[in-house]
Amino acid sequence: RKEVEQDPGPFNVPEGATVAFNCTYSNSASQSFFWYRQDCRKEPKLLMSVYSSGNEDGRFTAQLNRASQYISLLIRDSKLSDSATYLCVVLPNTGNQFYFGTGTSLTVIP
Amino acid sequence: NAGVTQTPKFRILKIGQSMTLQCTQDMNHNYMYWYRQDPGMGLKLIYYSVGAGITDKGEVPNGYNVSRSTTEDFPLRLELAAPSQTSVYFCASSYGATRGSSYEQYFGPGTRLTVT
């Protein structure tokens with residue numbers, strides 16, 4: 001079983017739409033969770049960390065459900081510039097290895 | 001402040017050749033990582049280092065070697081290149097687990113390697 005699983009999409013949404021991505025992780029001992037954004041042929045960049053109580057950064061909301069072992073990312077009022085691949089990343093509380101999902105592709109359409 | 005730099009940006013190798021991918025960071029980060037990313041796949045950890053002189057294997061270390069003689073540099077060596085090593089290689093660094101919300105990884109721009 002993969003450490004981190006994501007729906008690869010693609011998600012094609014119109015500008016202004018709300019879109020949500022989910023990610024599941026297999027290691028219940030995982031301690032830290034992140035969403036990274038990766039533009040085509042570029043390096044990943046941190047979008048936001050995910051905290052137990054959930055957190056919001058502008059149009060982006062991240063939530064963690066430890067009982068069901070999934071995290072989510074909600075994007076409101078989608079912009080063309082949100083088009084990218086969104087990577088779910090998990091850090092177990094043992095070891096120093098980050099585990100990356102395969103990414104979810106988002107295209108925002110005018 | 002350049003962040004994480006990688007050289008070369010692109011390289012084509014013949015089967016059996018060797019090369020070193022260079023990675024340098026100027027943020028005084030303790031932790032450094034090498035990942036490979038195949039098309040449509042997630043990043044796979046090759047090797048990582050928690051400080052100068054300390055390295056450890058990740059998920060896919062076979063066919064690679066690393067060294068960490070300084071805090072700034074973390075080169076990745078490919079010996080006897082094989083077509084299966086065709087990939088995009090990313091180097092990353094972070095402060096690590098010793099400083100608050102320090103887990104953010106900063107990535108270099110990547111090296112696109114083709115082995116034919």
Side-chain angles (χ1 to χ4, degrees), chain A residues 1-10 21-27 29-53 55 57 62 64 71 84-106, chain B residues 2-6 9-10 23 25 27 29-51 54-61 68 74 87-113:
Chain A
R1 185 180 173 187
K2 291 182 180 178
E3 293 279 346
V4 181
E5 297 205 56
Q6 292 182 251
D7 179 349
F21 309 137
N22 287 330
C23 164
T24 58
Y25 60 94
S26 61
N27 186 343
S30 296
Q31 67 167 345
S32 299
F33 310 88
F34 312 88
W35 284 102
Y36 277 71
R37 171 193 169 125
Q38 185 174 25
D39 293 298
C40 187
R41 300 179 69 79
K42 298 285 190 180
E43 71 273 22
K45 292 185 178 178
L46 181 67
L47 178 66
M48 58 197 305
S49 301
V50 186
Y51 302 121
S52 295
S53 55
N55 47 300
D57 183 2
L64 167 65
I71 67 174
T85 296
Y86 291 83
L87 306 173
C88 174
V89 184
V90 172
L91 176 65
N93 67 352
T94 55
N96 298 295
Q97 295 194 29
F98 290 81
Y99 291 93
F100 285 73
T102 54
T104 298
S105 173
L106 172 67
Chain B
V4 181
T5 57
Q6 291 182 239
K9 286 187 168 54
F10 305 92
C23 176
Q25 54 92 9
M27 296 174 282
H29 285 167
N30 292 319
Y31 287 52
M32 295 187 75
Y33 311 82
W34 274 106
Y35 295 92
R36 59 177 287 173
Q37 186 176 34
D38 299 326
M41 303 293 287
L43 278 75
K44 299 290 186 185
L45 183 65
I46 304 171
Y47 271 96
Y48 67 97
S49 169
V50 301
I54 307 169
T55 63
D56 209 346
K57 295 178 181 179
E59 292 180 80
V60 290
R68 184 98 181 269
F74 190 39
S87 190
V88 180
Y89 291 83
F90 288 105
C91 178
S93 71
S94 70
Y95 281 114
T98 58
R99 290 181 48 166
S101 58
S102 57
Y103 298 122
E104 178 177 0
Q105 293 186 77
Y106 296 81
F107 285 81
T111 294
R112 284 168 174 74
L113 175 67

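Quick note on labels: first sequence line is chain A, next is B, and so on, each numbered from 1.
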Closest non-hydrogen atom pair, Phe90(B) against Lys42(A): CZ-O, 3.7 Å
Close aromatic pair by centroid cut-off 6.0 Å: Tyr35(B) and Phe98(A): no
Heavy-atom contact with chain B under 4.5 Å, split by part of Gln38(A): side chain
Interface moiety of Val50(B) toward chain A, non-hydrogen atoms closer than 4.5 Å: side chain
Audit row: Phe34(A), Gln105(B), side-chain contact (heavy atoms from CB on, under 4.5 Å) steps and yes/no: CA-CA 10 Å; Phe34(A) 312 88; Gln105(B) 293 186 77; over 6 Å; no
Euclidean distance, Ser94(B) OG relative to Leu91(A) CG, rounded to 0.5 Å: 9.0 Å
Chain A contact via Leu45(B) - side chain, backbone, both or neither, heavy atoms under 4.5 Å: side chain
Region of Glu59(B) in contact with chain A, defined by heavy-atom distances below 4.5 Å: both
Met41(B)/Phe100(A) under side-chain contact (heavy atoms from CB on, under 4.5 Å): CA gap, chis, key distance, verdict: CA-CA 9 Å; Met41(B) 303 293 287; Phe100(A) 285 73; over 6 Å; no
ring-ring contact (aromatic ring centres under 6.0 Å, His included) involving Tyr47(B) - partner list, sequence neighbours excluded: none
From OH (Tyr33(B)) to CD (Gln97(A)), nearest 0.5 Å: 9.5 Å
